[in-house]
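Here the structure is a predicted model, which means the values were calculated and not measured. Numbered from 1 within each chain, the chains take letters A, B, ... in sequence-line order.
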Protein chains: 2
Amino acid sequence: MPYQAPVKDMLFVMNELADLAAVNALPGNEDATPDTAEAVLEENAKFCSNVVAPLNNPADKEPSYWHDGQVTTSKGFKEAFKAFAEAGWQGVQHPVEFGGQGLPKLLATPCIEMLNSSNVSFALCPLLTDGAIEALLTAGSDEQKATYLENLVSGKWTGTMNLTEPQAGSDLAAVRSRAVPQGDGTYKIFGTKIFITYGEHDMAENIIHLVLARTPDAPPGVKGISLFIVPKFLVNADGSLGARNDAHCVSIEHKLGIKASPTAVLQFGDHGGAIGTLVGEENRGLEYMFIMMNAARFGVGLQGIGVAERSYQRAVAFAKDRVQSRDLAGSAGPVSIIHHPDVRRMLMSMRSQIEAARALAYVGAGLSDIAHTHPDAAVRAANLATYEFLVPLIKGWSTEMAQDVTRDGVQVHGGMGFIEETGAAQHYRDVKILTIYEGTTAIQANDLVGRKTVRDGGAVAKAIIAQIRATEAQLAAQGGAEFQAIAKHLAAGSKDMEAVVDYVVANMKSDIKGVFAGSVLYLKLAGIVVAGWQMARAALIAKQKLDANEGDASFYQAKIVTARFFADHILSQSSGLRSAIVEGSAGVLALTEDQF
Amino acid sequence: MPYQAPVKDMLFVMNELADLAAVNALPGNEDATPDTAEAVLEENAKFCSNVVAPLNNPADKEPSYWHDGQVTTSKGFKEAFKAFAEAGWQGVQHPVEFGGQGLPKLLATPCIEMLNSSNVSFALCPLLTDGAIEALLTAGSDEQKATYLENLVSGKWTGTMNLTEPQAGSDLAAVRSRAVPQGDGTYKIFGTKIFITYGEHDMAENIIHLVLARTPDAPPGVKGISLFIVPKFLVNADGSLGARNDAHCVSIEHKLGIKASPTAVLQFGDHGGAIGTLVGEENRGLEYMFIMMNAARFGVGLQGIGVAERSYQRAVAFAKDRVQSRDLAGSAGPVSIIHHPDVRRMLMSMRSQIEAARALAYVGAGLSDIAHTHPDAAVRAANLATYEFLVPLIKGWSTEMAQDVTRDGVQVHGGMGFIEETGAAQHYRDVKILTIYEGTTAIQANDLVGRKTVRDGGAVAKAIIAQIRATEAQLAAQGGAEFQAIAKHLAAGSKDMEAVVDYVVANMKSDIKGVFAGSVLYLKLAGIVVAGWQMARAALIAKQKLDANEGDASFYQAKIVTARFFADHILSQSSGLRSAIVEGSAGVLALTEDQF
C-alpha cells in the first residue's frame, strides 16, 4: 500500500504549535522559512513514497543476510541509500561547513518521520549516522572531524553505536571491551559488541563505529568508559580508504521485526586488535555517547510516530474498502466497516494518539532549536530544560503508543490482519523493538524521574504544568461541548500530573523503590498530559482559523474532533494512572523472589 | 523453556472460587471429586509439559506446510496427537456413551488451559473437535451421532468449523456456499471457505467439516443458512472409510503467529460436488453453529490465559536469571533484574491479570456445569444466564489481556525479547489471532451489549453487581491496607459498571451508534470488574486460610498481594473507561468518512 505523507498536519504542527517562525527568526536559521519548509517536506514526501516505501514489505520477506562476514542488505536498499545520500537527505540538519544543509531540527524532524513511515528498517541507518555526526561534532577533535564528518554527512559513509555487550545491556557499568594505547595516539580495541544496528552492510564504502571501551587503568563502573572511533576501513592521510580494520561481523540476529535492518554481533580485535582513536578525553565516554543517545532517543520517538502513521493509513484504507455487515442505524445492505462504531473508535484512537505524539515531538524539536541558537543564554537554558524533560516522553510514550496503535491496526483488518501478506502485521512486529532499544521505557522513566524531575525538585515539570493551566483558561473561555470536554479532561490530567510530581519529589529519598515502581506509569501520565495539551492548543488554533474563515475548514473541524477524542478516551486515563502511582507501589514490591 | 503447570492455583480456583464441591454434588458428576480433579490435573500437566510443550517453539520455526493438496504438520505433532488421543484427553468432558470420560466442564477447563500454555497451535485441533462434538450432540441425528461421535471423542477423527468465506468474515449474512439436495437425503456442497483451522492435516484418519451453506430456496441473510456435515472421507455403513469427498485444501496461510496450526482455504465441490448431510433442520444452521461457537469462544478465552501464563513463566525465569544494574535501595554489585521495580511491576501486572482471568473462566465453567445438570430448572436457568453473560468477557477480556501480558513478556527480556530464539516473541505473535477468531472483540462486545445486557434490561448484569456488593461488604469488614485497597477499587469499579449498564440500557434505542462506540470499552470494564471481584473473593478466602493456619501460607499471602495489585493497577482503570463510554461517543462518531 502506498504511503501518503501527512504533509498538511506536519505543516500545521510546525507552523502553529512548534513556532517555526520563531525558529526561523534565530541567527543561522534564515533559510528555514515556512515556504522552504513546505518545499522540503513535499520533496522529501515524494522521495520517501516513491523510493523507500515500496521496499518496506518486500524487505521484510527477504531480510538482509550474512555470509562469511559480509552482510547483503535487502533488495533495493543499496540503490535507495545511494539516492538518499545523493539527494542530500542525510545532511538536512547538519552544518553547512561539513556539506550539510544546516537546517533546524524542526525541519529535519518531519523528514525523519516520513522516512520511518516509509521503511523503519531502512531509516535506522541514517538515524545511527545522525547520532555519530552529533557525537563527533560535540566531542571529536578537529582532525577527527576533518577525517570523518564530510563523508558521514554526505551519506558516503555511515555510523554505528557500540554500547551493548552480552553481559551489559541497559547496564553500561558492566562494559568489558578493552582499549590498549599503542603509544602513537592510537588504541587497539578488543571485545564483543552485540545488537549493533547496521554494524555491517553493503550500502556505504566505510562504516564508522563509535565504540565504548575501557583503557587499562580506567576506574570500574560507568566512570571508566571511554569512547573510540573504530572505522571498518582505516582512513589514509589523503582521505582514501586504507587497510581493513580488525572489526568483523560474526553473525546477525534473527528478529521479530525490522528484519531488513542488520543487527550485528561485532568482534573487535580477534586478529591482533582493531585500531581506534579516542574521542575527547578518557573516561568521559558515557557523556559523549549520551549526546549520540539523546539524538537517537528523539529519533526513536519519531520511529514510533512514523510506523504508527503507516499502520493507521493502512487501517483507514482497509476500513473504507472492506464491506461487511449492515449499518447499525440503517436497514440497507452491507456497508464498509468504517461505518461500524468500534472500527471508528479504533481509528480515532490511532489517529488522535499519532497526532498528539507528532505535536509533542515537533514542539520538542522547536525547543531544541531555540535551545541551541537563541542569542540569550537564559532563553537557551530554559528551552533546553523543557526539551530535556520532553525527550523521555517523546521516546517513551510515543513508542508505547505505537504498540497500541499497530495492535489496533491489525485488529481493524480482522482475520486479514493476521495474514502476513496484508502488511499490517509487519508494523506490529516492527514496533516492538522501539520500547527496548536506545533505552527501554523503564530507562526513559528512570531519566524522567531522576534527572528530569527530582534533580530540580520538579521545577521544570511545574513550569510546564503552569503553561498547561494557561491553555486551560483559554479552553474554558470557549463554548461548545468539544471544548468543555477538552477543558475538563486537561484540567483533571494536569492536576493528576502535579500530584504525581509532588509525590515523586517528596518520596524519592524515603521510598526510592516505591517511586520507581510507578516510574513508567508516571512517564505515561506525563506523556498523555503534555501531548494532550498540544492537542488542546491545536484545537484552540483550529477554532481561531474556523472563526476567521481561514484555510481548510474540514481539516480544522477534524482537528477539534480529534482533540476531543484524545481528551475523552486518552486523557481520561490519568486518574487511574495517578492512583496506581501514588497508592499502588506496595502491591508491586510485596512478593519475595520465591513467591514468583 | 519447560512449562510448569500452575496446578496449585488451578486447584485453588476450582475448589474455592468455582465450587467444585457443588458441581461434584450434581447427578452424573459423582466422579468429579476434588481428589479426582487433582489426579487428572497432575496427569494432564505431565503429558502437556513432557509431550506437547517441547514441540511449541520448534514448530514455530518449521510450520506446517502444504504440498499438492496435502498438509504436513510440524515435526512431532502427529505422534503427540496420537498420544493425546490414546490417553483419552480429547474425551475428558464428553459423554461416556460415546467413549468420553463424562467429566464436568470445570474439570476439563484446566486441562485445556494447560494444553494451550504448552502449544496453542497444537491445542487448536482438539478445540475445534470439541466444538464439532458439541454441535452434533445438540443438533445431530441419531445416525449422525452414531457415525461420527465416537471417532471424534476418541481423537481418531477431528472436526472443523467452516463459516468464513472471502466476502463473509464477521458478517455471516453474506455466506454464499450452496447446498443442492440430491433427493437421497444428501446434499452436494459448492463453495470456498477460508481461514479453516486444521481444515487439512495429517494427524487423523478423517476430518469432519461442519459447513454453513444455503439450500436453493433459502431466504437471504442469516435466516437462510443451514449446517452440513461434510467429511473428508465418506463413511461407509460399517463405519469404514469410503471415497475421498470433493472437499480439497488449495492452500494454507502464511501467518503472524500460530504458524504450526494449518489455516486452510477449502474448495467444496470443484469436482462435481462435495457430499454432505444436513444437521438438524434447514435454515437453522446459524443457531447450531453458535453451539459450536460458544464452546469455542470459551476455549479461545482459555487460549489467552494459557499463552499469557507461558509468557509470564518465561519472563519470571529470565528476570530471576538476568543480572543487570544495582539494586536501587542497595549499594552492592549488580542484581538479577527481578529486583528492579519496573520489572516487578510488569511481572505483577502479568500475574494478576492471568490469575484474575483464570478465576473468571473457571467460575464460568462451574456455572455452565450447574446450568446443564442441576435438577432444579430455575437454578439451571439462573446459572445459564450468568454463564452466558460471562462468555464474552472470558473470550473478549482474557484475549485482550493476553496481548498486554505477552507484550510485557517481551519487554521484560529487553533486547533478548526481540530475538526469535528467546521464545518470548512467539507468544506476542501467537496471541494476536485470539482477539480476532471466533468473533473479534467487537463481536463479543456486540453480544455483551445486545443479547446479554439490553435484552433483559440489564437484569443479569445487575444481579452480578449485587453479588459483588455482598463481597464488598465482606472486604470492608477486614482490616489492613490490602483489603482497604481492594474494597475501595472494587466498590468504585462496580459503581462504574452499574452506571455503564444503566447508560447502555437507557440509550440503546435513542443512540445505538453512541452505545456501540463504547461497546468494547464496556466489555473491558465488565471484564476487569467481574474478574477483579473473583480476585477479591480469592483474597478473602486466602485470609480465612491464613487465619486458620491452613495450607500453604506463602501461596495465600501472595494471593492477597496479587489481588491488591489487581485492584490498584487494573481495577483503577474503571473510572477512565466509564467516562470514555458515557461521554466519549461524540468524538468517535463525528468525522465524515472523507475526513479520515
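With chain A as partner, the option from I436(B), L577(B), V343(B) having the largest number of non-hydrogen pairs under 4.5 angstrom is I436(B). If you tally non-hydrogen atom pairs under 4.5 Å between each of F596(B), Y312(B), F418(B) and chain A, the highest count goes to F418(B). Interface remark: of the candidates S575(B), P334(B), G257(B), S519(B), G257(B) forms the most heavy-atom pairs closer than 4.5 Å to chain A. If you tally non-hydrogen atom pairs under 4.5 Å between each of K320(A), Q573(A), H339(A) and chain B, the highest count goes to K320(A).
Both the backbone and the side chain of A558(B) come within contact range of chain A, judged by heavy atoms closer than 4.5 Å. With a 4.5 Å cut-off on non-hydrogen atoms, P220(B) does not touch chain A at all. When heavy atoms are compared at a cutoff of 4.5 Å, R322(A) approaches chain B solely by way of its side chain, counted from C-beta outward. Contact annotation for A168(A): only backbone heavy atoms (N, CA, C, O) come within less than 4.5 Å of a heavy atom of chain B. For chain A, no part of F566(B) is nearby; none of its heavy atoms comes within less than 4.5 Å. Within the 4.5 angstrom heavy-atom criterion, no atom of M346(A) approaches chain B. For a residue to count as touching a neighbouring chain, one of its non-hydrogen atoms must lie under 4.5 Å from one of that chain's; by this rule E482(A) does not touch chain B. No part of Y437(A) comes within reach of chain B, as not one of its non-hydrogen atoms sits under 4.5 angstrom from that chain. Of the two parts of A517(B), the backbone and the side chain both hold a non-hydrogen atom closer than 4.5 Å to a non-hydrogen atom of chain A. For R564(A), the part lying under 4.5 angstrom from a heavy atom of chain B is the side chain only. Looking at S336(A), the atoms closer than 4.5 Å to chain B (heavy atoms on both sides) all sit in the side chain, from C-beta outward. With a 4.5 Å cut-off on non-hydrogen atoms, H489(B) touches chain A through its side chain but not through its backbone. The part of D327(B) that comes within reach of chain A is its side chain, from C-beta onward, which places non-hydrogen atoms under 4.5 angstrom from that chain. For I258(A), the parts lying under 4.5 angstrom from a heavy atom of chain B are both the backbone and the side chain.
Closest approach of V412(B) and A319(B) over heavy atoms only: CG1-CB, 4.2 Å.
Counting only residues at least two apart or on different chains, the salt bridge (Lys or Arg N to Asp or Glu O under 4.0 Å) pairs with a member in residues 583-596 of chain B are K488(A)-E583(B).
With R344(B) contributing its side chain and I338(B) its backbone, the two residues share a donor-acceptor pair below 3.5 Å.
Evaluation of the salt bridge (charged side-chain N to carboxylate O under 4.0 Å, His left out) rule for E400(B) yields R407(A) as partners, not counting sequence neighbours.
Between Y428(A) and Y428(B), the distance separating the two ring centers is shorter than 6.0 angstrom.
Under the side-chain hydrogen bond (donor to acceptor under 3.5 Å, both in side chains) rule, D430(B) has a single partner from Q426(B), K432(B), H427(B), which is Q426(B).
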